[in-house]
Amino acid sequence: MEAASYCHLNGKGYSYIRRKLGENYFPAKILILMEKGKALVSTTIALAKLDLNPKSNPMVQNPQSQSSRTQFGRSKSPPTLLNLCLGVVGSHLEDIVSHLADIALDFPPEIKRVLVAIARRRKLLKDDVIIALADESWDVLDLSASDVSDLGLAKVAEICGSLRAVDISRCDNITAVGVSELVHRCLSLETLRCGGSRNSDRTARRCLDVLKPKLNNVEGDSWEELKTEELVTVADTLRWLVWPQIDKDSLERYSTECPRIIVNPKPSPFGFRGTQVPWEALPDIQLDNSVVKDIDPKTWVTWGFLPRAMPPPLSISGPKELSLAEKFRLAFQERDTRLALKRAKNARQHQRRAARERMMMDTGRKALALASQASRSFHS
């Protein structure tokens with residue numbers, strides 16, 4: 001063992017051991033090699049136990065951190081410096097409202113959208129705020145439950161001419177006059193959300209006169225005799241109207257007088273007349289929720305605004321959501337709804353033709369009709 005220790009410490013001692021041990025040299029050499037083998041094995045085991053990347057080996061993780069991660073789920077990434085700054089600015093927004101017209105001149109469009117969303121949640125969104133923050137690049141605008149009036153809406157429509165979706169639900173200061181300015185200036189408007197309060201419901205009923213087609217020549221006998229240039233179409237791009245508390249009479253009037261506008265659409269695997277429902281037309285989604293998803297909710301929750309719980313998105317692609325019988329039922333219901341409008345239109349046409357035939361059978365009425373036609377041709 002002494003020779004082995006000596007050789008372990010000094011590699012030049014092999015010749016000395018061979019002279020002293022003689023025939024016992026080879027057993028001693030085997031002992032030295034065994035000692036080296038044990039050291040090598042112990043070193044290999046130690047290196048195997050050493051984990052330089054704790055995340056790759058879940059067996060050596062801290063059990064306390066592992067249990068906390070299991071309990072609370074995946075840890076959320078920390079907010080960015082920009083979101084932290086916007087949260088601080090939003091919590092003190094009432095101090096800079098009077099100076100927004102000068103401060104917000106150099107703000108990027110997305111920053112302006114965040115400030116508008118925070119102001120709406122903090123009940124600070126009024127005409128001066130929305131006019132100061134309006135940007136021409138916006139295509140979606142959420143003014144719901146705000147104090148914006150017709151003046152502010154008209155000015156925003158003048159600045160943001162490319163708006164596709166606007167939410168004016170529960171805006172008690174907006175009337176049909178403001179909606180008229182909106183649809184005349186925003187020629188790409190596709191989705192309008194309204195209703196939700198008594199004044200807003202009244203505005204939505206009066207908007208029917210703004211949204212339905214109008215005639216330049218009201219002296220015609222029937223719709224079949226109209227020319228295309230005589231039909232004035234307002235808001236011809238408006239396709240979706242979201243009014244959750246719509247009454248039955250208003251729904252029937254919109255369906256008959258504005259058949260191109262679909263009221264309260266629902267997601268369907270078949271769409272509506274070959275068109276898929278956009279997310280802006282779904283009533284359970286806030287239009288500005290995506291711009292403040294990374295902002296601390298304490299910025300506005302302390303001021304009495306509680307964000308609505310968003311239901312999970314409805315998936316219509318998987319086979320588990322809708323059965324084959326349900327798909328057939330929805331298809332039949334949509335087809336029946338579409339054909340009901342055609343049946344009502346045909347019934348009105350038959351009534352007009354019957355009234356015309358009765359009038360032509362009467363000699364006196366026929367004479368009046370011919371005289372009226374002759375006077376129109378004479379003046380033209």
Roughly how far, to the nearest 0.5 Å, is the [atom2] atom of [Y] from the [atom1] atom of [X]?
{"X": "Arg260", "Y": "Trp240", "atom1": "CZ", "atom2": "CH2", "result": "13.0 Å"}
{"X": "Leu192", "Y": "Ile168", "atom1": "CG", "atom2": "CD1", "result": "5.0 Å"}
{"X": "Ile103", "Y": "Leu133", "atom1": "CD1", "atom2": "CG", "result": "10.0 Å"}

Self-check item: Arg202/Asn199 under side chain to side chain donor-acceptor pair (under 3.5 Å): CA gap, chis, key distance, verdict
Solution: CA-CA 5 Å; Arg202 186 184 303 112; Asn199 292 338; 2.9 Å; yes
So which atom in [X] and which in [Y] form the shortest heavy-atom distance, rounded to 0.1 Å?
{"X": "Cys171", "Y": "Ala145", "result": "SG-N, 4.0 Å"}
{"X": "Asp167", "Y": "Ser169", "result": "OD1-OG, 2.7 Å"}
{"X": "Val129", "Y": "Leu124", "result": "CG2-O, 3.5 Å"}
{"X": "Ser162", "Y": "Glu136", "result": "OG-O, 3.5 Å"}
{"X": "Leu93", "Y": "Ala119", "result": "CD2-CB, 3.6 Å"}
{"X": "Cys194", "Y": "Leu241", "result": "SG-CD1, 3.7 Å"}

Exercise. Have a look at Ser149 and tell me which of Asp172, Thr175, Asp127 forms a side-chain hydrogen bond (donor to acceptor under 3.5 Å, both in side chains) with it.
Key: Asp127
Quiz item: Quick one: salt bridge (charged side-chain N to carboxylate O under 4.0 Å, His left out) partners of Asp139, sequence neighbours excluded?
Solution: Arg164
Practice problem: Would you please name every residue forming a salt bridge (charged side-chain N to carboxylate O under 4.0 Å, His left out) with Asp288, sequence neighbours left out? | Solution: Arg120, Arg121
Practice problem: Sort and list the pairs that fulfil salt bridge (Lys or Arg N to Asp or Glu O under 4.0 Å) and have at least one residue in residues 95-115, not counting sequence neighbours. | Solution: Lys112-Asp135
Practice problem: Would you mind listing every salt bridge (Lys or Arg N to Asp or Glu O under 4.0 Å) that reaches into residues 242-256, with sequence neighbours excluded? | Solution: Arg205-Asp247, Arg253-Glu257
So do the side chains of [X] and [Y] get within less than 4.5 Å of each other, counting heavy atoms only?
{"X": "Asp294", "Y": "Thr80", "result": "no"}
{"X": "His92", "Y": "Val89", "result": "no"}
{"X": "Arg352", "Y": "Gln349", "result": "yes"}
{"X": "Ser200", "Y": "Arg170", "result": "no"}

Exercise. Go through Lys155 and Asp128 one step at a time and tell me if the salt bridge (Lys or Arg N to Asp or Glu O under 4.0 Å) criterion holds.
Key: CA-CA 10 Å; Lys155 188 63 178 179; Asp128 53 348; over 6 Å; no
Please determine whether residues [X] and [Y] belong to a single hydrophobic cluster, defined as Ile, Leu, Val, Met, Phe, Trp and Tyr linked transitively by side-chain heavy-atom distances below 4.5 Å.
{"X": "Leu82", "Y": "Phe107", "value": "yes"}
{"X": "Leu211", "Y": "Val242", "value": "no"}
{"X": "Ile96", "Y": "Val116", "value": "yes"}
{"X": "Leu208", "Y": "Ile174", "value": "yes"}
{"X": "Leu187", "Y": "Leu238", "value": "no"}

Quiz item: Asn173: what forms a side-chain hydrogen bond (donor to acceptor under 3.5 Å, both in side chains) with it, not counting sequence neighbours?
Solution: none
Quiz item: With sequence neighbours excluded, what pairs up with Asp296 under the side-chain hydrogen bond (donor to acceptor under 3.5 Å, both in side chains) test?
Solution: none
Quiz item: Would one find more than 12 heavy atoms of other residues, nucleotides or ligands at under 6.0 Å from atom CZ of Arg198?
Solution: no
Self-check item: Over 12 non-hydrogen atoms of neighbours within 6.0 angstrom of CZ in Arg206
Solution: no
Exercise. Quick one: do Val292 and Thr299 satisfy side-chain contact (heavy atoms from CB on, under 4.5 Å)? Show the steps, please.
Key: CA-CA 10 Å; Val292 293; Thr299 304; over 6 Å; no
Exercise. Test Val140 against every option in Val291, Val166, Leu287, Thr191 by the side-chain contact (heavy atoms from CB on, under 4.5 Å) rule and name the one that passes.
Key: Leu287
Spell out, as yes or no, whether a donor-acceptor pair under 3.5 Å connects the side chain of [X] to the backbone of [Y].
{"X": "Arg193", "Y": "Glu280", "answer": "yes"}
{"X": "Asp201", "Y": "Ile246", "answer": "no"}
{"X": "Asn264", "Y": "Trp243", "answer": "yes"}
{"X": "Ser91", "Y": "Gly87", "answer": "yes"}

Practice problem: Verify side-chain contact (heavy atoms from CB on, under 4.5 Å) between Val156 and Leu143, making sure each step is shown before the conclusion. | Solution: CA-CA 11 Å; Val156 170; Leu143 302 176; 5.7 Å; no
